[in-house]
Protein chains: 2
Amino acid sequence: MSMNSSESVEMYVKSVAELGGDRQPVPIGRVAERMDVTPVSANEMMKRLGSQGYIEHQMYKGVLLTRAGLTMANNIIRRQRLWECFLVDKLKLDWARSHELACDLEHATAEEVVEALVSYLGSPTHCPHGNPIPEADSQELLETGVLLSELATGHSGRILAIRPESHEVLAYLHHRMLLPGTEVTVVEAAPLQGPLTLHMNDQEVVLGLNLASLVLIEELCCP
Amino acid sequence: MSMNSSESVEMYVKSVAELGGDRQPVPIGRVAERMDVTPVSANEMMKRLGSQGYIEHQMYKGVLLTRAGLTMANNIIRRQRLWECFLVDKLKLDWARSHELACDLEHATAEEVVEALVSYLGSPTHCPHGNPIPEADSQELLETGVLLSELATGHSGRILAIRPESHEVLAYLHHRMLLPGTEVTVVEAAPLQGPLTLHMNDQEVVLGLNLASLVLIEELCCP
DNA sequence: TCGTAGTATAAGGTATACCTTATACCTCTA
DNA sequence: TAGAGGTATAAGGTATACCTTATACTACGA
């Protein structure tokens, strides 16, 4: 019962959570991609995480988070999003950069710092990218909205959140003003996984489908 | 020319600086003690730091910081003391705990965060324990005041700073109200490295000599 | 159903950062 | 000046977290 979760272990558990490991088995190959390691390395680590009780490995299918794993993931995500709030709201740092800066800090943050940060920030509920901040030791991974990539042509919605994959993605979306709160309408969806054409802020914006799948939308029923 | 300074490397360089490696050779045994590793391990690491140009090893005498080493140490100390200010002034966390909490954060802090933190905190000049915050890339390790352990009997002074060795030490001194700003008079110095008897806040306080050597004093000429 | 893409495991290697044990060596003090 | 205590190095071990190469196995689509 060692409470030794190294930075590496924490990053893997967070990755599994962000790949949906709380609901469906996540293929280890996906984890390897996300962590930028070889499948062999990811496999080794999954074995370790399994023996430490954070994941359950279904052969040839993927890994699922256990309760302990989900709790750990939520606590890491909690820390990260709180730091993002601090970096953006207080330090006025770049919205797109905040994600990776917070990722460095999240592993070095004691519980008492997290709780003090919560009060200091006024108990924020969402990070600057619109993602919900889990409660401490939460067992559920909150999901908001539908993917912009799955919004039907002609339909409208308001951007709720951006899944913060990388600095690159965030900077790109920030530059096109695809930010939480913005209203968008899908004008056209090109065939063969082609890009979406969106109407927003009285402008037309063309967005790749993979990028659109990182944008979470609250569909507006009466546009 | 790799800008890879691992947490371990950073901690060793900081230790050497705090042991006076900017002025006199620090015996590697002292470094080993401070880092809580064996002399053999410290020796291995000193070899690496030497090859990376952070220290200079004088055989059987000790290690000295190079320019690069001193710059690194100052930047680490700068980060730590800034975080201490944030933790104590903004988050209202424990004065004694802030040192080690900041030590965790200091290695995970990007340059842009440091600079944003400086503005946010209003460019503080000293940490909550009274130690000066070095400028970015500073080449000089600032020293303030004289050691309380070297204050002559009968003399008075004002506490400038506490050398933050450990949580234990800080908690002890905090409990006795030995804080920056307090005025103290040395009433008696027991022989054979015995404890000091101090007069402060209309009370008598007895303090071990080793502890007194962690307290920095501005001597008051006309008590 | 066959093959391929993806998944699993074995074997062996690297780098970091520690450890122990043993030996040699220097410096300083009694 | 001799010995003790501290310092240096060699040799070999551990754990983590990666890697490559090779082999085997599974699942799924054509």
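Atoms considered below: every heavy atom in the structure, side chains included; atoms not considered: hydrogens, waters and symmetry mates. Chain A is the first sequence line, chain B the second, and so forth, proteins listed ahead of strands; every chain is numbered from 1. Remember, predicted model here, so these are calculated numbers, not experimental data.
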*Asks:* By ring pair (Phe, Tyr, Trp, His ring centres under 6.0 Å), which residues pair with A:His174, not counting sequence neighbours?
*Replies:*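 A:Trp95.
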*Asks:* Would you list the pairs meeting side chain to side chain donor-acceptor pair (under 3.5 Å) in which at least one residue belongs to residues 62-72 of chain A, sequence neighbours left out?
*Replies:*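 Listed once each, the pairs are A:Thr71-A:Gln139.
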*Asks:* When you compare the protein's N or O atoms with those of nucleotides 26-30 of chain C, which come within less than 3.5 Å of each other, and at what distance?
*Replies:*
none

*Asks:* With A:Pro27, which residues qualify under side-chain contact (heavy atoms from CB on, under 4.5 Å), at least two apart?
*Replies:*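 With sequence neighbours excluded, A:Pro27 shows a side-chain contact (heavy atoms from CB on, under 4.5 Å) to A:Arg30, given in chain and number order.
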*Asks:* Could you tell me which residues satisfy side-chain contact (heavy atoms from CB on, under 4.5 Å) with A:Arg176, sequence neighbours excluded, listed by chain and number?
*Replies:*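 For A:Arg176 the side-chain contact (heavy atoms from CB on, under 4.5 Å) partners, ignoring immediate neighbours, are A:Tyr172, A:Leu178, A:Val205.
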*Asks:* Excluding sequence neighbours, so at least two apart, what forms side-chain contact (heavy atoms from CB on, under 4.5 Å) with A:Ser149?
*Replies:*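 Per chain and number, A:Ser149 pairs via side-chain contact (heavy atoms from CB on, under 4.5 Å) with A:Leu147, A:Leu209, A:Ala212, A:Ser213.
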*Asks:* State whether B:His57 places a side-chain N or O below 4.0 Å from either non-bridging phosphate oxygen (OP1 or OP2) of D:dT7.
*Replies:*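 Checking B:His57 against D:dT7: no side-chain N or O falls below 4.0 Å of OP1 or OP2.
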*Asks:* Measuring to OP1 and OP2 of C:dC18, would you say a side-chain N or O of B:Ser8 lies under 4.0 angstrom away?
*Replies:*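 Yes, within the criterion.
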*Asks:* A:Met46 has an atom CE; how far is it from atom P of C:dA8, in whole Å?
*Replies:*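 Distance, rounded to whole Å: 11 Å.
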*Asks:* Tell me, which pairs form a side chain to side chain donor-acceptor pair (under 3.5 Å) where one or both residues lie in residues 15-25 of chain B, sequence neighbours left out?
*Replies:*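 The answer is B:Glu18-B:Arg34.
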*Asks:* Check the distance between D:dA8's P and B:Gln58's CD and give it to me in whole angstrom.
*Replies:*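 In whole Å, D:dA8 P and B:Gln58 CD are 11 Å from each other.
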*Asks:* I want to check one thing: is the phosphate of D:dC18, taken as OP1 and OP2, less than 4.0 Å away from some side-chain N or O of A:Tyr12?
*Replies:*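 Looking at the OP1 and OP2 atoms of D:dC18, one of them is under 4.0 Å from a side-chain N or O of A:Tyr12.
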*Asks:* Got a sec: does the CD of B:Glu115 have more than 12 other heavy atoms crowding it under 6.0 Å?
*Replies:*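 Yes, enclosed.
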*Asks:* Does anything in residues 64-83 of chain B form a ring-ring contact (aromatic ring centres under 6.0 Å, His included)? List the pairs, not counting sequence neighbours.
*Replies:*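 Qualifying pairs, neighbours excluded: A:Trp83-B:Trp83, B:Trp83-B:Phe86.
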*Asks:* For residues 18-45 of chain B, which residues have at least one heavy atom under 4.0 Å from DNA chain D?
*Replies:*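 When residues 18-45 of chain B is checked for heavy atoms under 4.0 Å from DNA chain D, the hits, listed by number, are B:Pro27, B:Ile28, B:Gly29, B:Val40, B:Asn43.
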*Asks:* Just the rounded figure in Å: distance from P of C:dT7 to NZ of A:Lys47.
*Replies:*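 Atom-to-atom, A:Lys47 to C:dT7, this comes out as 15 Å.
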*Asks:* Rounded to whole angstrom units, what separation is found between the CD atom of A:Glu7 and the P atom of C:dA17?
*Replies:*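 From A:Glu7 CD to C:dA17 P: 13 Å.
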